[in-house]
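One is the number of the first residue; the rest follow in order along the sequence.
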Amino acid sequence: VIPSDFLRRYPDPTTKDDSPNSDIVFYMCHEILDQDPNPYAAANTFAHELAHVIQGGFGYSFNTMAEGGAAWLEGPLLNLPPRPMVYAWGFSDWNRILAAHIYANTKTLNSRKFYQIHGMFLSYLSQPDLLGDRATSALQNYQTFESSHRPFGRSSFDYFLKHLGTGTPEEFVPLTMEASGTKYAFAECLLNCRVAMAAQCIAEASLRPSQPEYRMPESMQERPYWDCSSFPVFWSA
């Protein structure tokens with residue numbers, strides 16, 4: 001799915017003179033289905049690419065937003081398991097990837113695990129007590145075509161997360177982005193999400209945090225996303 005195909009006449013619609021690719025459509029080659037007849041894998045890929053089509057219709061999305069949103073839709077948003085971390089390329093250190101998934105978003109830096117981690121971040125935010133499904137969907141869909149409006153890779157995070165747990169705002173009020181320190185909603189949310197993912201490794205449910213900002217959605221609380229026995233983590237010291 002290539003946005004430059006189906007956004008050629010944006011904001012005008014396609015016409016009879018456009019090529020077939022100028023419609024918002026996608027397709028899978030028959031050879032791909034023959035190579036992997038697993039119906040779940042095919043459906044998973046369709047869901048992922050459909051998410052990209054939706055994103056492309058809303059505007060420009062950079063790597064982490066686009067791939068993370070598609071990884072969220074293909075799994076937790078459809079009430080399916082998240083894509084396992086063993087998928088695709090290997091990686092050596094979970095903490096290194098987790099610490100910079102928003103910024104280090106290439107195969108070279110983190111084996112493309114950033115979009116799976118970002119999908120879990122969106123799953124975390126989609127809890128009713130935080131942003132909920134609708135606001136989280138808007139967060140990862142509504143983008144800007146102006147690259148100058150996307151400083152530090154934070155995109156629209158700061159605005160949406162300013163309203164975390166307070167419901168949908170009734171009017172739009174521009175936000176002055178904090179760029180000189182670490183005291184802002186996006187940074188706090190990333191930290192809280194990492195606490196929530198670590199808390200999944202606590203076997204005794206009564207010992208896990210009860211506040212929604214420190215836990216994953218209920219359907220995931222009994223299913224740790226990482227192998228808790230294999231990766232060096234520092235939250236348990």
Side-chain angles (χ1 to χ4, degrees), residues 51-52 54-55 58-77 82 95 97-105 110 113-200 208-221 225 235:
H52 286 327
I54 295 171
Q55 292 162 338
F58 279 97
Y60 179 86
S61 294
F62 62 93
N63 284 351
T64 304
M65 290 290 284
E67 295 294 352
W72 175 49
L73 183 140
E74 76 180 29
L77 191 57
N95 293 286
I97 298 173
L98 190 60
H101 87 263
I102 276 286
Y103 304 103
N105 55 13
N110 64 21
K113 300 303 178 185
F114 65 88
Y115 60 85
Q116 294 169 247
I117 297 173
H118 197 63
M120 292 299 285
F121 182 47
L122 295 174
S123 302
Y124 162 79
L125 291 175
S126 67
Q127 297 179 83
D129 290 329
L130 299 181
L131 281 184
D133 281 343
R134 292 183 63 186
T136 303
S137 180
L139 165 67
Q140 63 90 34
N141 269 328
Y142 293 127
Q143 300 301 306
T144 173
F145 284 100
E146 298 294 333
S147 59
S148 61
H149 295 165
R150 298 182 287 111
F152 312 114
R154 283 154 64 176
S155 194
S156 51
F157 282 105
D158 289 73
Y159 177 77
F160 278 88
L161 299 183
K162 177 184 176 183
H163 301 284
L164 193 73
T166 62
T168 305
E170 296 183 359
E171 61 179 302
F172 172 74
V173 178
L175 175 72
T176 299
M177 182 175 284
E178 164 60 50
S180 61
T182 59
K183 301 295 184 182
Y184 51 89
F186 182 31
E188 184 174 349
C189 251
L190 283 175
L191 179 60
N192 289 348
C193 177
R194 291 163 190 173
V195 171
M197 292 175 71
Q200 289 179 291
R208 298 178 199 142
S210 58
Q211 304 96 314
E213 62 266 33
Y214 300 128
R215 68 186 185 203
M216 294 300 287
E218 186 174 354
S219 62
M220 296 182 174
Q221 291 175 16
Y225 188 52
W235 51 268

[atom1]/[X] to [atom2]/[Y] distance, rounded to the nearest 0.5 angstrom?
X: Leu139; Y: Leu161; atom1: CG; atom2: CG; result: 6.0 Å
X: Arg194; Y: Phe121; atom1: CZ; atom2: CZ; result: 8.5 Å
X: Leu125; Y: Asn192; atom1: CG; atom2: CG; result: 10.0 Å

In the structure I gave you, are the side-chain heavy atoms of Thr136 and Trp72 within less than 4.5 Å of one another anywhere? yes

Report the residues that fulfil side chain to side chain contact (heavy atoms under 4.5 Å, CB included) with Ala196, sequence neighbours left out, ordered by chain and then residue number. Tyr124, Met216

By side chain to side chain contact (heavy atoms under 4.5 Å, CB included), Leu73 pairs with (sequence neighbours left out) Ala47, Ala51, Leu77, Leu78

Residues forming a salt bridge (charged side-chain N to carboxylate O under 4.0 Å, His left out) with Asp129, sequence neighbours excluded: Arg215

Suppose we screen for salt bridge (charged side-chain N to carboxylate O under 4.0 Å, His left out). Which residues come up paired with Glu74, at least two apart in sequence or across chains? Arg83

Heavy atoms only: give me the nearest [X]-[Y] pair and the separation to one decimal.
X: Asp158; Y: Met177; result: OD1-CE, 3.7 Å
X: Pro209; Y: Ala199; result: CD-CB, 3.6 Å
X: Gln140; Y: Gly69; result: OE1-CA, 3.2 Å

Check: Ser123 side chain, Gly119 main-chain N or O, donor-acceptor pair, under 3.5 Å: yes

Quick check: does any side chain N or O of Glu178 sit under 3.5 Å from a backbone N or O of Gly181, one acting as donor and the other as acceptor? yes

Run Gln116 and Glu67 through side-chain contact (heavy atoms from CB on, under 4.5 Å) and show every step you take. CA-CA 8 Å; Gln116 294 169 247; Glu67 295 294 352; over 6 Å; no

Listed once per pair and sorted, the salt bridge (charged side-chain N to carboxylate O under 4.0 Å, His left out) pairs that draw on residues 181-191, sequence neighbours left out: none

Below 3.5 Å, can you tabulate the donor-acceptor pairs from side chains in residues 162-173 to any protein atom, sequence neighbours excluded?
unit_1, atom_1, unit_2, atom_2, d
Thr166, OG1, His163, O, 2.8

Tell me, with the steps shown, if Tyr225 and Gln200 meet side-chain contact (heavy atoms from CB on, under 4.5 Å). CA-CA 7 Å; Tyr225 188 52; Gln200 289 179 291; 3.8 Å; yes

